[in-house]
Amino acid sequence: MPELPEVETIVRDLHQTLPGKTINNTQILQSNVVQQSKKLFKSKLLGKTFKSIRRRGKNILAHVDPECILVVNLGMTGRLGFKDTDSVFTHPAVYFQLDNDDTLIYDDVRRFGTLNIFTEREWKERSKQLGPEPLSSSYKSADLHQKLVTSRAPIRSWLLNQKNVAGVGNIYANESLYLSGIHPGRSANSLTKLESNLLHQALQKTLSSAINNRGTTLRNYRDASGLKGTNGANLTVYGREGESCVSCSEQVSRIVFSNRSAFFCPGCQK
DNA sequence: AGTGTATCCTGCAGGC
DNA sequence: TGCCTGCAGGATACAC
């Protein structure tokens, strides 16, 4: 569910409210979202104060002192927010009771999300397995092309692999490919330098405008205050099978590979 | 080594 | 109305 723009929106909100708050108690209602020992998980957070909230790919990094990071991956339906906001929590999985009587809630319908505690050192190692941040100014079109030529995977699948680019999911992979005129089934190594350049630009444009719109809400996604993202209106192909392409009026098609739907315009994407 | 598939889980929409 | 099927924004263990 949440991809880079949705996670970024939540992180920015939480960074305004969470730092300085101390965890008085942690309650785990759905134990499978916490992969480590529950006892250890609780004890490592007890009495700790949130410092900063950051993002790496689709992961929320909540730094608590000292040298300890709570890493939250929202999976398909995970949500983080405060009790008594507009948010309705139907499937609470973890409660964090804070020293100002607020309760931070991790809620997750399908429970594909995960919460883990890492030391700074452990996370640094783990983070190496993730690809570059697509919105980083140091991420250049040449970096993308250099990596693309090493893989025969379909470009849509390639984009979903977090080792290649961090934070891209099915919505923004499809939208970026549409914007750059590339068919989702093309093998990664078939992309020319020019196409890599177009894709690089499309990724940055698609992701940054989605952040400006506070993410895409199709069904479950809500920001930390419980509000929906407004980027759904900007989607050109994702979820629009059978509708007319906005630029050539051919019908948007859906094909399935790697168990995931790919949406594209047969007229615009070769 | 590099890819595709099945799987974790719940809820919802659509067809009959 | 109710049952069944397919599908959903992710990540990963496994088979080939």
Side-chain angles (χ1 to χ4, degrees), chain A residues 1-11 29-35 55-60 71-80 88-94 106-116 126-127 129-131 134 147-178 184-190 203 206-207 210-211 213-223 227-242 253-263:
Chain A
M1 141 200 209
E3 307 182 29
L4 187 155
E6 292 75 33
V7 175
E8 179 67 22
T9 301
I10 292 169
V11 162
L29 291 81
Q30 293 289 346
S31 60
N32 54 347
V33 300
V34 176
Q35 298 182 314
R55 180 188 62 74
R56 173 80 172 102
K58 298 172 195 170
N59 300 288
I60 298 167
V71 179
V72 180
N73 186 301
L74 300 171
M76 293 279 237
T77 51
R79 285 165 59 181
L80 261 184
V88 177
F89 297 104
T90 53
H91 295 69
V94 182
Y106 178 72
D107 183 282
D108 194 341
V109 173
R110 293 174 72 182
R111 305 202 296 278
F112 288 174
T114 53
L115 290 82
N116 281 295
R126 185 66 188 258
S127 179
Q129 294 171 19
L130 296 172
K147 221 168 177 182
L148 283 171
V149 298
T150 65
S151 170
R152 326 188 293 272
I155 183 64
R156 198 288 315 266
S157 304
W158 190 92
L159 287 169
L160 292 188
N161 186 340
Q162 300 299 295
K163 289 177 183 167
N164 297 324
V165 194
V168 179
N170 209 21
I171 294 180
Y172 302 109
N174 281 285
E175 290 297 312
S176 300
L177 288 169
Y178 172 78
R186 288 265 305 277
S187 71
N189 61 9
S190 76
L203 281 168
T206 305
L207 294 169
I211 292 173
N213 292 320
R214 302 185 58 80
T216 302
T217 296
L218 295 177
R219 23 184 108 202
N220 297 285
Y221 167 72
R222 299 291 185 277
D223 68 20
L227 303 175
K228 296 180 181 183
T230 60
N231 195 59
N234 290 355
L235 299 185
T236 51
V237 287
Y238 187 87
R240 297 194 182 277
E241 183 183 16
S253 298
R254 182 174 80 95
I255 50 174
V256 177
F257 52 91
S258 303
N259 273 348
R260 315 288 300 273
S261 290
F263 299 90

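Residue numbers start from 1 in every chain, and the chains themselves are labelled A, B, ... in the order their sequence lines are given, proteins ahead of strands.
The stretch residues 152-174 of chain A comes close to DNA chain B through A/R152, A/A153, A/P154, each having a heavy atom under 4.0 Å from the strand.
Here A/T217 lies in heavy-atom contact (under 4.0 Å) with a base. A/S261 comes within 4.0 angstrom of the backbone, heavy atoms only, and of no base. Nucleic acid contact class of A/R222 (heavy atoms, under 4.0 Å, all strands): none. Across all strands, A/R254 comes closer than 4.0 Å only to sugar-phosphate atoms, never to a base (heavy-atom distances).
Remark: the A/R110 side chain and the A/T77 side chain contain no N/O donor-acceptor pair separated by less than 3.5 Å. A donor atom on one side chain and an acceptor atom on the other are found under 3.5 Å apart for A/Y172 and A/E6.
Checking B/dG11, C/dG10, C/dT12 against the side-chain heavy atoms of A/N73 singles out C/dG10 as nearest. Candidate nucleotides C/dA8, B/dT3, C/dT12 were compared by shortest atom distance to the side chain of A/R126, and C/dT12 ranks first. Residue A/S258 places its side chain closer to B/dG4 than to any other of C/dA11, B/dG4, C/dA8. In this structure, the nucleotide among C/dA11, C/dC7, B/dG11 sitting nearest to the side chain of A/K58 is C/dA11.
With contacts defined as side-chain heavy-atom distances shorter than 4.5 Å, the pair A/H91/A/D108 does not qualify. You'll find the side chain of A/E175 reaches within 4.5 Å of the side chain of A/V237, heavy atoms only. Considering only heavy atoms from C-beta on, A/S258 stays 4.5 Å or farther from A/L160 through its side chain.
At whole-Å resolution of the value, CD in A/E6 and P in C/dA8 are 16 Å apart. Across the protein-nucleic acid pair, A/N259 atom CG and C/dA13 atom P stand 17 Å apart, rounded to whole Å. In this structure, CD1 of A/I255 is placed 19 Å from P of C/dG6, rounded to the nearest angstrom. The separation between A/Q129 atom CD and C/dG10 atom P is 18 Å, rounded to whole Å. One atom, CG of A/L74, and another, C1' of B/dC9, lie 16 Å apart when rounded to the nearest Å. Between the CG atom of A/D108 and the P atom of C/dA8 there is a distance of 18 Å, given to the nearest Å. Between A/E241 atom CD and B/dA13 atom P there is a gap of 18 Å when expressed in whole angstrom units. The nearest whole Å value for the distance from the CZ atom in A/R79 to the C1' atom in C/dA8 is 16 Å.
Contact of A/R260 with C/dA8 (side chain to base): no donor-acceptor pair of N or O atoms is detected under 3.5 Å.
For the P atoms, the distance linking B/dC9 with C/dC3 amounts to 23 Å, nearest Å.
Within the structure, a side-chain polar atom (N or O) of A/H91 is placed less than 4.0 Å from OP1 or OP2 of B/dG11. Remark: A/S151 is in phosphate contact with B/dT3, judged by side-chain N or O atoms under 4.0 Å from OP1 or OP2.
Nucleotides of DNA chain C nearest to A/R110 and A/N59 differ in position, and the one nearer the 5' end is that of A/R110.
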Read 5' to 3' with Watson-Crick or G-U pairs under 3.5 Å, [ ] for crossing pairs and | for partners on another strand, DNA chain B gives .|||||||.|||||||
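Within a 6.0 Å sphere centred on NZ of A/K228, heavy atoms belonging to other residues, nucleotides or ligands number 12 at most.
Separation of atoms CG (A/L29) and CZ (A/F89) is listed at 12.5 Å; rounding is to 0.5 Å. Distance check: A/N259 CG to A/F257 CZ gives 11.5 Å after rounding to the nearest 0.5 Å.
Within the cation-pi definition used here (under 6.0 Å to the ring centroid, within 45° of the axis), A/R240 does not qualify as a partner of A/F263.
Judged by centroid separation below 5.5 Å and plane tilt below 30°, A/F112 does not stack onto the base of B/dC9.
Of the possible polar contacts, none joining the A/K58 side chain to the A/A166 backbone as a donor-acceptor pair under 3.5 Å is found.
Annotation for A/P2 and A/L74: closest pair CG-CB, 3.4 Å, computed over non-hydrogen atoms.
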